[in-house]
There are 2 protein chains.
Amino acid sequence: MHVEPVLTANQQLVFKALGDAEAPLSAYTILERLQGKGIKAPLQVYRALEKLIDFGLVHRLESLNAFVVCDHHGDHTQHPVAFAICDSCGLVAEFVDSSVQEGLSRWTTGHAFRPKRVTVELRGLCETCDGASK
Amino acid sequence: MHVEPVLTANQQLVFKALGDAEAPLSAYTILERLQGKGIKAPLQVYRALEKLIDFGLVHRLESLNAFVVCDHHGDHTQHPVAFAICDSCGLVAEFVDSSVQEGLSRWTTGHAFRPKRVTVELRGLCETCDGASK
DNA sequence: AGTCGTGACGTTATTACATTACATAATTCA
DNA sequence: TGAATTATGTAATGTAATAACGTCACGACT
Ligand SMILES: [Zn+2]
Ligand SMILES: [Zn+2]
Ligand SMILES: [Zn+2]
Ligand SMILES: [Zn+2]
C-alpha cells in the first residue's frame with residue numbers, strides 16, 4: 001500500500017481540474033479554468049503541479065507540455081510508465097510494458113548509465129480516431 | 001543507401017552549429033551563436049531545424065526542448081530511436097533497442113493505436129559523471 | 001518574354017510555457 | 001514559544017515557439 005498525501009487547497013484545485021478534463025491540460029489552461037476560484041498566477045499552478053508530480057498523482061507529458069492525472073492512483077512503486085497519446089482526440093493511455101522496461105534497463109546497465117527519469121511517449125491516433133479518418 | 005539532401009545556407013549554418021556543439025542546443029542558443037552570420041530571428045532557426053529534422057539529420061529532444069545532430073547520418077530507415085541524456089555533462093547517446101521496439105509495437109498493435117512519432121528519452125548521469133559524483 | 005507555382009527567406013509581433021525574486025502567512029515540532 | 005520548514009501571493013522576467021505578413025529566386029509551361 002501507500003498513503004494518500006494531504007493536498008493543500010491549491011493542489012486540490014489543480015488536481016480536480018486535471019481530473020475533470022477529457023484531455024491533457026497545459027499549465028496555462030489550468031490557470032484559465034481556475035480563475036476566480038483562488039488561482040490567479042501561473043506560479044500557483046506550477047507549484048501545485050510540481051507537488052502533485054512528486055506525489056505521483058500527476059504526470060507531465062513532455063512532448064505536449066501538458067499534464068494528466070495518473071491512471072494508477074499514483075501507485076507506480078518504481079516502474080516508469082509509457083503513454084500513448086491521440087493527436088486527434090487527446091485521449092491518453094498510460095501503460096507499463098515489461099519488454100520495454102527490460103530493453104531500457106539492459107541498455108542502461110550495459111552502458112553504466114544511471115537513469116533518473118524516463119520519458120516514453122507515443123504520439124499518433126487512437127483506434128476510434130484512426131477508424132474515423134478512413 | 002540514401003541520398004544526401006542539399007542544404008540551404010541557413011540549414012547549413014544551423015547544422016554546423018549543432019555539429020560543433022558538445023551538447024544539445026536550444027533554438028535560441030543556436031540563434032545566439034549564429035548572430036552576425038546571417039541569422040537574425042528565431043524563425044530562421046526554427047525553419048531550418050524543421051527541415052533538418054525532416055531530413056533525419058537532426059533530432060529534437062522533447063524533455064530538453066533542444067536539438068542534436070543524428071548519430072546515424074540520418075539513416076534510420078524507420079526505426080524509432082532512444083536517447084540517454086546526461087544531465088550533468090550533456091552527453092547524448094542515441095541507440096536502438098529491439099526489445100523496446102517490440103514492446104512498443106506489440107502494445108500499439110494490441111490496442112489498435114497508430115503511432116506517428118515515438119519519444120524515448122532517459123535522463124540521468126553518464127558513467128563518467130556518475131563516477132565523479134561519489 | 002511572360003505567367004505561374006513552389007519553396008525558401010525576412011521581419012515584426014504575438015502567443016505559449018516556465019522561472020526568478022522577494023515578501024508574507026501557516027505549519028511543524030523541539 | 002520560537003526556530004525551521006513549507007506553502008502562498010504577486011510582479012516581473014526569461015525562454016520557447018508560432019502567426020501573419022510580404023518578398024525573392026527558380027524552374028515549368030504558354
Ligand atoms: Zn501513473
Ligand atoms: Zn483519438
Ligand atoms: Zn538518429
Ligand atoms: Zn555526463
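Reminder, nothing fancy here: chain letters follow the sequence lines and each chain counts from 1.
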Closer than 4.0 Å, any side-chain N/O of B:Gln44 to the OP1 or OP2 of C:dC9?
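No, because none of the side-chain N or O atoms of B:Gln44 sits under 4.0 Å from OP1 or OP2 of C:dC9.
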
Is the shortest side-chain N/O distance from A:Lys40 to OP1 or OP2 of D:dG9 below 4.0 Å?
no

Does some side-chain heavy atom of [Y] sit less than 4.5 Å from a side-chain heavy atom of [X]?
| X | Y | result |
| --- | --- | --- |
| B:Leu64 | B:Arg123 | yes |
| B:Leu25 | B:Arg33 | yes |
| B:Leu49 | B:Leu18 | yes |

For DNA chain D, whose closest nucleotide is more 5', that of A:Ala41 or that of A:Lys51?
A:Lys51

Rounding to an integer number of Å, can you tell me how far [X] [atom1] sits from [N] [atom2]?
| X | N | atom1 | atom2 | answer |
| --- | --- | --- | --- | --- |
| A:Phe55 | D:dA7 | CZ | C1' | 11 Å |
| B:Leu7 | C:dC9 | CG | P | 10 Å |
| A:Leu52 | D:dT6 | CG | P | 17 Å |
| B:Asp54 | C:dG7 | CG | P | 12 Å |
| A:Gln12 | D:dT8 | CD | P | 10 Å |
| A:Leu31 | D:dT8 | CG | C1' | 15 Å |
| B:Gln11 | C:dC9 | CD | C1' | 11 Å |
| A:Ile30 | C:dC17 | CD1 | P | 11 Å |

Interatomic spacing from CZ in A:Arg114 to NZ in A:Lys116 - rounded to 0.5 Å:
5.5 Å

Using the rule given for side chain to side chain contact (heavy atoms under 4.5 Å, CB included), can you reason through B:Thr128 versus B:Leu91, listing the C-alpha separation, both sets of side-chain angles and the distance that settles it, and then say yes or no?
CA-CA 10 Å; B:Thr128 312; B:Leu91 183 78; over 6 Å; no

Tell me which nucleotide among C:dT11, C:dG10, D:dA7 gets nearest to the side chain of A:Thr8.
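Given the options C:dT11, C:dG10, D:dA7, the side chain of A:Thr8 is closest to D:dA7.
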
Donor-acceptor side-chain pairing of A:Glu121 and A:Ser63 below 3.5 angstrom
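Distance-only check passes for A:Glu121 and A:Ser63.
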
Can you say whether the rings of B:Trp107 and A:Phe95 are parallel (under 30°), tilted (30 to 60°) or perpendicular (over 60°)?
parallel

Scan nucleotides 16-21 of chain D against the protein and return all N/O pairs shorter than 3.5 Å with their distances rounded to 0.1 Å.
from	atom 1	to	atom 2	distance (Å)
D:dA17	OP1	B:Arg60	NH1	3.0
D:dA17	OP1	B:Arg60	NH2	2.7
D:dA17	OP2	B:Tyr46	OH	2.8
D:dA17	O5'	B:Tyr46	OH	3.2
D:dA17	N7	B:Tyr28	OH	2.6
D:dA17	N6	B:Tyr28	OH	3.3

